[in-house]
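Take a look at the structure set out below.
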Amino acid sequence: MEPKIRALVFDMDGLLFDSERVVQKSWYIAGERLGYPDMGEQIYHTLGFNAARRNAYFRATFGEAFPVETFNEMTREIFYQLKEKEGVPKKQGVDEILSYAKGAGYLLAVATSSRGPYSTELLKEAKIWQYFDAFVFGDMVTHAKPDPEIYLKACEMLDVQPSEAAALEDSPNGIRAAYGAGMHPIVVPDLVQPDEEIRSMCDWQCSSLLDVMEILKTQ
């Protein structure tokens with residue numbers, strides 16, 4: 001493949017961590033307490049959104065009266081309770097692909113819609129922070145995925161052209177963002193399986209990060 005891939009940019013939730021399911025559980029619980037049953041189902045419509053875009057989605061879906069700030073505060077509290085009780089495990093192949101990629105000389109970045117403090121805590125607790133050369137968090141960009149801004153910023157920070165970088169994503173909005181940035185999208189599905197549109201945007205579809213690592217070895 002030309003030009004040669006020099007950099008790998010990783011989404012975080014649902015790709016590096018099995019965190020989307022914990023978030024979804026916190027939404028179900030908070031929704032029940034606030035009188036909005038089945039709130040966990042809304043996660044399928046908001047994967048890849050940053051906080052601002054997610055809040056706008058809630059208001060558009062449930063009306064301006066939806067208690068956005070209360071819901072966010074409650075879900076954060078529940079999430080951390082679940083995290084302490086059950087943990088937020090790394091996805092299969094995380095340590096292996098990061099170790100391989102670093103050893104092979106790839107530049108590595110995280111491009112996540114999640115906020116900086118939350119992301120930093122997860123990455124450091126999992127002992128994978130040190131692998132990365134750059135970080136772009138959701139509160140560092142104006143436009144959320146599927147806008148390509150976050151991926152363009154990651155490539156800029158790594159000093160590579162988008163055509164020299166692969167984006168590893170689990171969500172449709174993330175793939176759209178990477179494709180729009182002109183990168184090489186690789187989808188590793190989590191909660192949502194890619195449809196034909198999303199598959200057409202991807203260079204590869206893999207079942208795990210271990211599969212991605214094997215592809216990289218052939219490049």
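Note that the structure is a prediction, hence the values are computed from the model and not measured.
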**OP:** Quick one: pull up CD1 in Ile5 and CD1 in Ile186 and give me the separation to the nearest 0.5 Å.
**Re:** 6.0 Å
Original post:
Is Thr120 reaching over with its side chain to a backbone N or O of Pro117, donor-acceptor style, under 3.5 angstrom?
Top reply: no
Original post:
Do other residues, nucleotides or ligands put more than 12 heavy atoms under 6.0 Å from the NZ atom of Lys25?
Top reply: no
Subject >> Of Ser113, Ser19, Ser119, Ser171, the residue whose pairing with Asp13 passes side-chain hydrogen bond (donor to acceptor under 3.5 Å, both in side chains) >> reply: Ser19
Subject >> Glu149 side-chain N/O to Thr142 backbone N/O, donor-acceptor pair under 3.5 Å >> reply: yes
Original post:
Is it true that a side-chain atom of Lys90 and a backbone atom of Ala126 form a donor plus acceptor pair closer than 3.5 Å?
Top reply: yes
Subject >> Any side-chain heavy-atom pair of Glu121 and Lys83 under 4.5 Å >> reply: yes
Subject >> Side chain to side chain, Glu77 and Tyr80, heavy atoms closer than 4.5 Å >> reply: no
Subject >> Verdict with reasoning, Val136 to Thr112, per side-chain contact (heavy atoms from CB on, under 4.5 Å) >> reply: CA-CA 6 Å; Val136 188; Thr112 175; over 6 Å; no
Original post:
Same cluster for Val187 and Val212 if Ile/Leu/Val/Met/Phe/Trp/Tyr side chains link at under 4.5 Å?
Top reply: no
**OP:** Please check if the side chain of Asp211 supplies one atom and the backbone of Ser207 the other of a donor-acceptor pair under 3.5 Å.
**Re:** yes
Subject >> Minimum-distance pair of heavy atoms, taken over all atoms of Trp27 and Met39 >> reply: O-CB, 3.4 Å
Original post:
Is a side-chain N or O of Asn173 found less than 3.5 angstrom from the main chain of Leu47, in a donor-acceptor match?
Top reply: yes
Original post:
Has the side chain of Glu164 got a donor or acceptor atom that lies under 3.5 Å from a matching backbone atom of Arg6?
Top reply: no
**OP:** I would like to know whether Thr70 and Leu34 meet side-chain contact (heavy atoms from CB on, under 4.5 Å); could you show each step before the answer?
**Re:** CA-CA 9 Å; Thr70 301; Leu34 294 172; 3.9 Å; yes
Original post:
CD of Gln24 to OG1 of Thr75: how many Å apart, nearest 0.5 Å?
Top reply: 13.0 Å
**OP:** Please report the closest heavy-atom contact between Pro162 and Cys155, naming both atoms and the distance.
**Re:** CA-SG, 3.8 Å
Subject >> Validation row: Val110, Val9 side chains within 4.5 angstrom (heavy atoms) >> reply: no
Original post:
Quick check: are there more than 12 heavy atoms from other residues, nucleotides or ligands sitting under 6.0 Å from CD of Glu125?
Top reply: yes
Original post:
When hydrophobic residues are tied together by side-chain contacts of less than 4.5 Å, even through go-betweens, does Leu152 share a cluster with Met201?
Top reply: no
Original post:
Cluster question for you: counting only ILVMFWY and a side-chain heavy-atom cut-off of under 4.5 Å, with indirect links fine, are Val88 and Ile128 together?
Top reply: yes
**OP:** Starting from the C-alpha separation in whole Å, work towards a yes-or-no answer on side-chain contact (heavy atoms from CB on, under 4.5 Å) for Leu209 and Ile97.
**Re:** CA-CA 7 Å; Leu209 291 173; Ile97 193 172; 4.2 Å; yes
Original post:
Closest approach of Leu158 and Ala109, non-hydrogen atoms and distance?
Top reply: CD1-CB, 3.7 Å
Original post:
Are Leu82 and Phe17 connected in the hydrophobic side-chain network, where two residues link if heavy atoms are under 4.5 Å apart?
Top reply: yes
Original post:
What distance do Asp159 atom CG and Leu107 atom CG have between them, rounded to the nearest 0.5 Å?
Top reply: 8.5 Å
Original post:
Sequence neighbours excluded, which residues qualify as ring pair (Phe, Tyr, Trp, His ring centres under 6.0 Å) partners of Tyr118?
Top reply: Phe79
Original post:
Are more than 12 heavy atoms from other residues, nucleotides or ligands located less than 6.0 Å from atom CG of Asp95?
Top reply: yes
Original post:
Do Glu169 and Tyr151 have a side chain donor and acceptor closer than 3.5 Å?
Top reply: yes
**OP:** Please report the closest heavy-atom contact between Arg176 and Pro146, naming both atoms and the distance.
**Re:** CB-CB, 3.7 Å
Subject >> Within 6.0 Å of CD in Glu86, more than 12 heavy atoms from elsewhere >> reply: yes
Original post:
Taking side chain as C-beta onward, heavy atoms only, is Gln92 less than 4.5 Å from Leu210?
Top reply: yes
**OP:** For the residue pair Phe62 and Phe66, categorise the inter-ring angle as parallel (less than 30°), tilted (30 to 60°) or perpendicular (more than 60°).
**Re:** parallel
**OP:** Is it possible for you to say whether Tyr106 and Leu123 belong to one hydrophobic cluster, with membership spreading through side-chain heavy-atom contacts below 4.5 Å?
**Re:** yes
Subject >> Gln130 (side chain) donor-acceptor with Lys127 (main chain) under 3.5 angstrom >> reply: yes
Subject >> Tyr179 OH: over 12 foreign heavy atoms closer than 6.0 Å >> reply: no
Original post:
Counting N and O atoms only, with roles assigned by atom type, does the side chain of Arg199 sit under 3.5 Å from a partner on the main chain of Pro194, one being a donor and the other an acceptor?
Top reply: yes
Original post:
Looking at Tyr36 versus Phe71, is the centre-to-centre ring distance below 6.0 Å?
Top reply: no
Original post:
Quick one: CD1 on Ile43 to OG on Ser26, what's the gap to the nearest 0.5 Å?
Top reply: 7.5 Å
**OP:** To the nearest 0.5 Å, tell me how far Ser163 OG sits from His184 NE2.
**Re:** 6.0 Å
Original post:
Hey, does the Lys NZ or Arg CZ of Arg53 hover above the aromatic six-ring of Phe49, less than 6.0 Å from the centre and inside 45° of the axis?
Top reply: yes
**OP:** Grab the two heavy atoms, one from Met183 and one from Ala167, that are nearest each other, plus how far apart they are.
**Re:** CE-CB, 3.7 Å
**OP:** Would you give the length of the straight line joining atom CG of Leu216 to atom CG of Leu8, rounded to the nearest 0.5 angstrom?
**Re:** 5.5 Å
Original post:
Is a side-chain donor or acceptor of Lys102 paired with a backbone partner of Tyr131 at a separation under 3.5 angstrom?
Top reply: yes
**OP:** Test side-chain hydrogen bond (donor to acceptor under 3.5 Å, both in side chains) on Asn50 and Asp139 and set out the steps.
**Re:** CA-CA 8 Å; Asn50 64 8; Asp139 44 8; over 6 Å; no
**OP:** Find out whether the Lys NZ or Arg CZ of Lys217 is both under 6.0 angstrom from the six-membered ring centre of Tyr100 and within 45° of the ring's axis.
**Re:** yes
Original post:
Backbone N or O of Ile215 within a donor-acceptor pair of the Thr218 side chain at under 3.5 Å?
Top reply: yes
**OP:** I would like to know whether Asp190 and Leu15 meet side-chain contact (heavy atoms from CB on, under 4.5 Å); could you show each step before the answer?
**Re:** CA-CA 7 Å; Asp190 183 41; Leu15 182 87; over 6 Å; no
Subject >> Trace of the salt bridge (Lys or Arg N to Asp or Glu O under 4.0 Å) decision for Lys91 with Glu20 >> reply: CA-CA 11 Å; Lys91 297 284 280 190; Glu20 301 286 20; over 6 Å; no
**OP:** Please name the pair of heavy atoms, one in Pro189 and one in Val192, separated by the smallest distance, quoted to 0.1 Å.
**Re:** CB-O, 3.6 Å
